[in-house]
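Worksheet for the structure shown next.
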Amino acid sequence: MPVSTTEGDTVVEPYQDPSNSVQNRVADLLARLTLEDKAGLMFHDIVVMMPGGQLAGADNPFGRPATEAAIREMRLNHFNLAGGVNNIRDLVAWHNRVQELALATGPGIPVTLSTDPRHSFSNNPGTEALAGVFSRWPQSLGFAALGDSDLVQRYADVARQEYLAAGIRVALHPQIDLATEPRWARIGMTFGEDADLTARLVTAYIRGFQGTQLGPASVATMTKHFPGGGPQQDGEDPHFAYGREQVYPGAQAEYHLKPFRAAIAAGTSQMMPYYGMPIGTDWEEVGFAFSHGVITELLRNELGFDGIVCTDWGLISDSVIMGQPMPARAWGVEHLSELDRVVKIIDAGCDQFGGESRPELVVEAVRSGRVSEERIDQSIRRLLREKFVLGLFDQPFLEVDRAVATIGRADFVAEGEAAQRAAIVRLSAADSGPAALPLARDQAVYVENIAPAAAARLGRLVDDPADADLAVLRINTPYEPRPGGFESFFHAGSLEFAPQECERIVAICRQVPTIVVLFLDRPAVVPEIADAAAALLVEFGARDDAVADVLLGAAHARGRLPFDLPSSMRAVAESRSDVPFDTADPLFRFGDGIVSS
């Protein structure tokens, strides 16, 4: 049970089960489950909350089965809540409707609700959710920029409290892939390029969510993407067929395992393998979740992980996401039937299928004799045990007053905003003149991409750089836009600005002393801009007011780069995708940053 600290926050008291009651409860329930019940438990699909807290029908935005049908007919019992949450009372009402439905179905097993990260600034609905009513913090790269384990654990504890109040019991994170391929679209939610830093921070992260041992006040962590999803060929993402290959030209697979060893030692409850298909290694050239060598031999036998293994989303069936046809991410086994894919994933050692609603395939695999029911029971024991340990059977419903009082609590919001400010990195600075920090407030200032209220704090606003004493430009890391509704959210390809845009920014910098504030979700290539700017700052998710506070001296930037910034795209192309710090002559190095006193 939770206990209170002197500050009024909750901390996790280690779960104790000396009588093996969980083991006994699992055995009792398992004996009463039908094969159809068991098959439903092995699927972890997306669910959507409709306006007013209503359950979704079959016409929902993500194209998933109607919620009632998924629970009653398919016996699904684990769901990933997609989309932002903007009304706490609606969320509580929806959650309790879901649990009432589940408890009235078959053996009456409460639903386990999960979520992708939803505490930062992402706009990719396939990998993160907008913060909405939750407190907002920098992305994981910002925590890496600070390198502060205590802060990471505090963030995770705050997120745990908000998740608990929302009924979210599994975090589909942390993401501890290493950013060794600068072009990869998923770098924003990593802890950067350094394996030792990532290992240290993931330990704190898991402790904040789970405590020293999983229990009723914990949120279980699903650490991803085993055995490290960073070294993608040319940085392309394996959500898509052209990005299916994962490569190790520097033979650094063990380097990418370091953070996962730390996560297992910290007690992470779950693990998610990535889509990628390893090329040129001793592993079978299939997506990791299909690989017995990766899941059973490496993860379970060598590393000793006995928790839940859930595949990444959509490995069995073709689908349509945001209007875009998406083939199953069955890389290396595209030729197999859906049933054959299910059998291969189970044989590999996985327990759950992410993003799917195909329990009939598990039933068919067992009844045709291709998978034994005893093997299915191994996975069901793990899944039921976690539900009992988390206390879902004992307290399946939410209290609206607690949710309203906890989610987006004022002190949580303040702590998140303080972290946004602190994580900003000053890479270069003006010693004097209009761009020297803290800024003088009586200057004529030209701004781009800053909200009017925050911009007005910086000085007297003008519409033309020619009329300004100072310019402040907020810009994002460049990328090559991709077609399609879903695919367009993945920022991939070139890391340098198109020539015309680069020339425009440099022209402003040469016309007037300019502070450039660069949002990094990947390591941008900006040598011309860095050379022309009076000062260059980078951030990893920060409100405009947080940036203004740093520029005005109301807050101190304490961040340092969590990866190298390459000097050219040629250097990126010539680097080895699995090797850290491998681009030639980087513009800025890991750890660079002018730390304010």
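Heavy atoms only: backbone and side chains are in, while hydrogens, waters and symmetry mates are out. The chain is numbered in sequence order, starting from 1.
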Can a donor-acceptor pair be found between the side chains of [X] and [Y] at a distance below 3.5 Å?
| X | Y | value |
| --- | --- | --- |
| Glu386 | Ser269 | yes |
| Asp37 | Thr34 | yes |
| Asp157 | Gln153 | no |
| Lys387 | Thr112 | yes |

Judged by atom type as modelled, is there a donor-acceptor pair below 3.5 Å linking the side chain of Asn60 to the main-chain atoms of Gly57?
yes

Quick one: does any side-chain atom of Arg329 pair with a main-chain N or O of Trp313 as donor and acceptor, under 3.5 Å?
yes

For [X] and [Y], I'd like to know if the aromatic rings sit close, meaning centre-to-centre distance below 6.0 Å.
| X | Y | value |
| --- | --- | --- |
| Phe191 | Phe143 | no |
| Phe305 | Phe260 | no |
| Phe412 | His119 | no |

So, [X] and [Y], do they make that salt bridge, N to O below 4.0 Å?
| X | Y | answer |
| --- | --- | --- |
| Asp28 | Arg32 | yes |
| Glu302 | Arg261 | yes |
| Arg367 | Glu36 | yes |
| Arg375 | Asp347 | no |

Within a reach of under 6.0 Å around CD of Gln324, are more than 12 heavy atoms found that belong to other residues, nucleotides or ligands?
yes

Contact summary for Ile187 and Asp521, nearest pair of heavy atoms
CB-O, 3.6 Å

Any idea how [X] and [Y] line up, ring-wise: parallel (<30°), tilted (30 to 60°), or perpendicular (>60°)?
| X | Y | result |
| --- | --- | --- |
| His239 | Tyr274 | perpendicular |
| Tyr248 | His256 | perpendicular |
| Trp283 | Phe288 | perpendicular |
| Tyr205 | His173 | perpendicular |

Can you list the steps and then say if Gln54 with Arg97 is a side-chain contact (heavy atoms from CB on, under 4.5 Å)?
CA-CA 8 Å; Gln54 297 301 308; Arg97 289 186 179 108; 3.4 Å; yes

Within 45 degrees of the ring normal and closer than 6.0 Å to the centroid, is that where the cationic atom of Arg136 sits relative to Phe121?
yes

Arg385 NZ/CZ over Phe388 ring centroid, <6.0 Å and within 45° of normal
no

Gln352 and Leu41: CA distance, side-chain angles, deciding distance, side-chain contact (heavy atoms from CB on, under 4.5 Å) verdict:
CA-CA 8 Å; Gln352 272 195 322; Leu41 281 162; 5.9 Å; no

Assess whether side-chain contact (heavy atoms from CB on, under 4.5 Å) is satisfied between His78 and Leu383, documenting all intermediate values.
CA-CA 10 Å; His78 297 78; Leu383 295 164; 4.1 Å; yes

Given side-chain contact (heavy atoms from CB on, under 4.5 Å), test Phe43 with Arg358 step by step and report yes or no.
CA-CA 7 Å; Phe43 287 81; Arg358 301 297 306 279; 4.0 Å; yes

